[in-house]
**Q** 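Okay, here's the structure, questions in a sec.
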Protein chains: 2
Amino acid sequence: MSTTPPATPPNPPTAPTRRATITDVAREAGTGKTSISRYLNGEFSALSPELRARIEAAIARLDYQPNQMARGLKRGRNRLIGMLVADLTNPYSVEVLQGVEAACHALGLMPLICHAANEVEMERRYLQLLTTYRVEGVIVNALGVREETLRPVGDGGIPAVLVDRRVEGLVADMVGLDNGAAAELGTRHLLERGFENIRFVVQPFERVSSRRQRVDAFDRAMRDEGRARGHTLVLDLADETAVERGLAELDRAIDSLDGAGTAPRVALFAANAPVALRLALHLNARYGAHWQSRVALLSIDDPDWAELAGITTIRQPTYDIGYRAVEFLHERIEGAQTGARDCLLPGELIVRASTAR
Amino acid sequence: MSTTPPATPPNPPTAPTRRATITDVAREAGTGKTSISRYLNGEFSALSPELRARIEAAIARLDYQPNQMARGLKRGRNRLIGMLVADLTNPYSVEVLQGVEAACHALGLMPLICHAANEVEMERRYLQLLTTYRVEGVIVNALGVREETLRPVGDGGIPAVLVDRRVEGLVADMVGLDNGAAAELGTRHLLERGFENIRFVVQPFERVSSRRQRVDAFDRAMRDEGRARGHTLVLDLADETAVERGLAELDRAIDSLDGAGTAPRVALFAANAPVALRLALHLNARYGAHWQSRVALLSIDDPDWAELAGITTIRQPTYDIGYRAVEFLHERIEGAQTGARDCLLPGELIVRASTAR
DNA sequence: CTGTTAGCGCGTTCAT
DNA sequence: ATGAACGCGCTAACAG
């Protein structure tokens with residue numbers, strides 16, 4: 001690294017210009033604070049055109065911008081909502097975020113994005129912070145934790161909407177993929193395409209409701225087809241040693257099943273994009289660029305590299321999920337008292353070379 | 001979509017429990033607000049152990065949480081900084097963000113993440129918003145726009161640090177990749193590996209300083225090697241028609257250059273990951289999975305799919321960039337009056353199959 | 001139509 | 001060691 005000297009002349013040590021307040025504007029316009037406040041809130045019907053003009057001029061002259069903090073303090077509402085994201089490196093989260101932002105824009109809300117980075121402690125801290133900043137509501141894409149850590153939200157606390165994952169013991173609105181239908185869709189697709197050996201690969205799912213639902217639906221779909229039950233491989237991506245153990249097990253299965261001539265290939269059903277990526281990287285390293293001729297890969301989530309790799313996916317309606325979550329939250333903020341609602345959106349199967357006939 | 005009926009019993013219409021205020025706590029503890037305030041600020045030396053205990057009890061009983069808004073209003077500082085991101089779908093941004101978050105955590109700052117989604121209008125709105133919320137500073141990964149839209153920050157306004165991109169007419173600290181060195185590194189690597197035909201592919205760069213620097217460095221490096229000058233292809237990813245036109249031109253170049261038997265392959269040098277992805281998708285569609293035997297691809301940025309696709313990259317020290325930016329900003333917030341500083345960090349070449357011998 | 005007054009929740013003198 | 005009173009920037013009654 002190189003910290004180079006200033007490329008531009010040093011700025012003159014301007015006195016940290018104190019921002020103008022409503023009082024300054026009032027004085028500048030030769031009137032009282034109230035009129036300024038009225039002007040700011042669009043109550044023009046109560047302002048003479050003449051006064052209004054003077055105020056406009058004063059505001060422009062002072063480059064005045066109302067202090068939202070003070071506003072919120074008085075009003076009791078600040079139009080802020082929190083968006084707590086478990087893992088921004090997962091493209092799913094970013095896509096949901098876009099829906100959230102669009103909806104906020106439309107509803108006059110301001111989303112504060114907080115990134116827990118898969119750390120329970122971070123989640124706790126941010127939740128605490130959002131609470132002390134008195135956001136009007138939160139959208140929570142929670143880590144797989146129990147209700148305890150999200151004490152301040154939900155029932156007695158500030159309004160909350162869950163995204164993708166439910167939290168044990170917390171009654172709140174919930175928006176996400178219809179995991180059951182999606183996993184079934186994927187499983188049936190693989191069966192239709194003639195894959196006999198299907199393995200569902202998922203991160204530890206005991207504490208994450210969406211993963212659990214996907215596993216369950218996979219098992220059910222396999223049973224419905226007469227299979228005893230599907231094989232499931234749990235891959236804890238946070239533990240590299242465990243991952244390698246799991247992948248070794250997978251390799252053995254592939255080798256033993258795959259040996260017999262033109263036997264149908266093994267199919268892997270990844271529960272989400274991070275898992276799919278890890279699998280693809282491993283298979284690519286082990287079997288070379290042609291790994292897809294030995295193993296088919298299907299994944300829930302449709303990251304941008306899926307098209308490049310040619311793997312089949314089930315795309316989530318991420319944008320809609322985010323948008324809907326904000327709508328739910330907005331209704332709550334406006335005082336809706338209905339019981340906890342669920343909104344389950346369907347996934348879309350995108351067939352690519354990996355499972356094409 | 002299916003909006004199912006409540007999965008849980010409707011919550012009893014709890015009266016929207018007003019949060020306890022400092023006054024409530026004072027009353028509950030049988031004392032005045034001042035003592036509570038002192039307690040909150042850790043001025044224990046001025047509190048009898050007995051009173052302190054009573055306060056602790058009262059706070060616990062009321063589940064009191066101080067209102068940060070009111071606090072900030074009074075103090076004049078709220079420990080909030082804004083992080084304005086141009087495009088969160090670019091993995092680069094998310095990675096920088098992680099560095100930002102870590103640094104904020106360490107320095108007791110709270111980052112408000114704002115996502116402009118490549119819309120100048122959004123950028124303007126968020127900047128306005130951050131200003132009215134009186135954040136103490138902003139880190140700006142600006143769109144390629146002129147100073148005008150970021151009027152409120154920089155010199156006379158709130159402290160600002162630029163990330164990756166400089167903004168014309170705005171003097172402020174800047175942290176980012178050493179673009180010149182990185183582009184040169186990549187170019188030399190390709191030349192060393194014997195590629196005769198190198199084409200630099202970049203999004204419209206007139207208004208984005210980092211892109212401009214990369215193009216310039218590429219040209220310079222080519223000239224230094226005796227080449228007249230490198231070919232550059234501009235791809236405006238926001239305009240699909242234009243993209244296809246550009247790719248068609250590229251195809252012609254590849255076909256004409258590549259025909260002669262075992263001629264050295266063409267090399268493409270992508271200025272960043274989004275461009276690289278678009279190129280890879282196109283080449284994959286046109287030449288099939290084996291496109292890399294006809295075209296080599298090198299990219300600045302190292303997205304997760306790069307390993308999978310086996311393309312060579314120049315990884316940016318994204319985490320450090322974010323961390324450093326916050327450090328700079330923090331110094332400014334604390335009153336540092338030095339002139340605008342630059343911090344240019346080096347990229348790391350990661351050689352993969354695409355350009356391996 | 002317009003200005004005065006009284007807080008919102010909290011920190012800060014300044015007495016006690 | 002403790003508390004009363006004032007003010008931060010703004011909005012909301014309540015007069016005039």
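Reminder, nothing fancy here: chain letters follow the sequence lines and each chain counts from 1. Note: hydrogens, waters and symmetry copies are ignored here, and every other heavy atom, side chains too, is used.
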**Q** Figure out the CG/C1' separation between Asn78(B) and dC8(D), and round it to whole Å.
**A**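 Atom CG in Asn78(B) sits about 13 Å away from atom C1' in dC8(D).
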**Q** Please say whether more than 12 non-hydrogen atoms of neighbouring residues, nucleotides or ligands are located less than 6.0 Å from CD in Glu168(A).
**A**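 No.
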**Q** Pick the closest DNA chain D nucleotide for Gly32(B) and for Ala70(B) by heavy atoms, then say which residue is nearer the 5' end.
**A**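 Nearest nucleotide further toward 5': that of Gly32(B).
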**Q** To the nearest 0.5 Å, what is the distance between CZ (Arg134(B)) and CE (Met69(B))?
**A**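 Atom-to-atom, Arg134(B):CZ and Met69(B):CE are 13.0 Å apart.
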**Q** In whole angstroms, how far is the P atom of dA4(D) from the CD1 atom of Ile22(B)?
**A**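 To the nearest whole Å, that distance equals 13 Å.
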**Q** When the distance from CE of Met69(B) to C1' of dG9(D) is rounded to whole Å, what number comes out?
**A**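 Interatomic distance, CE of Met69(B) to C1' of dG9(D): 14 Å.
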**Q** Would you sort out whether Val96(A) and Val85(A) count as a side-chain contact (heavy atoms from CB on, under 4.5 Å), showing the intermediate values?
**A** CA-CA 10 Å; Val96(A) 170; Val85(A) 180; over 6 Å; no
**Q** Nearest-Å distance, CZ (Arg77(A)) to P (dA12(D))?
**A**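 It is 11 Å, rounded to the nearest whole Å.
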**Q** Figure out the CG/P separation between Asn67(A) and dC10(D), and round it to whole Å.
**A**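 It is 6 Å, rounded to the nearest whole Å.
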**Q** Working note: Asn141(B) + Arg165(B), criterion side-chain contact (heavy atoms from CB on, under 4.5 Å); need CA distance, chi angles, decisive distance, verdict.
**A** CA-CA 6 Å; Asn141(B) 171 218; Arg165(B) 303 155 175 195; 3.8 Å; yes
**Q** Roughly, in whole Å, what's the span from CG in Leu73(A) to P in dG7(D)?
**A**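 Leu73(A) atom CG is separated from dG7(D) atom P by 17 Å.
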**Q** Would the distance check show the side chain of Glu28(A) and the main-chain N or O of Ile59(A) forming a donor-acceptor pair, the cut-off being under 3.5 Å?
**A**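 Side chain of Glu28(A) to backbone of Ile59(A), a donor-acceptor pair under 3.5 Å: no, none is there.
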**Q** What is the distance from CD1 of Ile55(A) to C1' of dC1(C), rounded to the nearest Å?
**A**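 Atom-to-atom, Ile55(A) to dC1(C), this comes out as 12 Å.
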**Q** Once you round it to whole Å, what is the distance between P of dT11(D) and NZ of Lys33(A)?
**A**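 Whole-Å distance recorded here is 10 Å.
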**Q** Quick one: is dG11(C) close enough that its OP1 or OP2 comes under 4.0 Å of any side-chain N or O from Arg71(B)?
**A**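 Yes.
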**Q** Below 3.5 Å, does any donor atom in the side chain of Lys74(B) face an acceptor in the base of dG7(D), or the other way round?
**A**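 Such a pair is found, so the answer is yes.
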**Q** Short question: side chain of Ser93(A), backbone of Asp87(A) - any donor-acceptor pair under 3.5 Å?
**A**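 Checking the backbone N and O of Asp87(A) against the side chain of Ser93(A), a donor-acceptor pair under 3.5 Å is found.
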**Q** Check each residue of residues 34-51 of chain B for a non-hydrogen atom within less than 4.0 Å of any atom in DNA chain D, then write out the ones that pass by number, or none.
**A**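 Thr34(B), Ser35(B), Arg38(B), Ser45(B), Ala46(B), Leu47(B), Ser48(B), Leu51(B) - these, ordered by number, are the residues of the stretch whose heavy atoms sit under 4.0 Å from the strand.
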**Q** Have a look at His330(A) and tell me which of Ile81(A), Val161(A), Leu109(A) forms a side chain to side chain contact (heavy atoms under 4.5 Å, CB included) with it.
**A**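 With His330(A) as partner, Ile81(A), Val161(A), Leu109(A) yield a single side chain to side chain contact (heavy atoms under 4.5 Å, CB included), made by Leu109(A).
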**Q** Which nucleotide, dC8(D), dC10(C), dG3(D), lies nearest any side-chain atom of Thr31(B)?
**A**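 For Thr31(B), the side-chain atoms sit closest to dG3(D).
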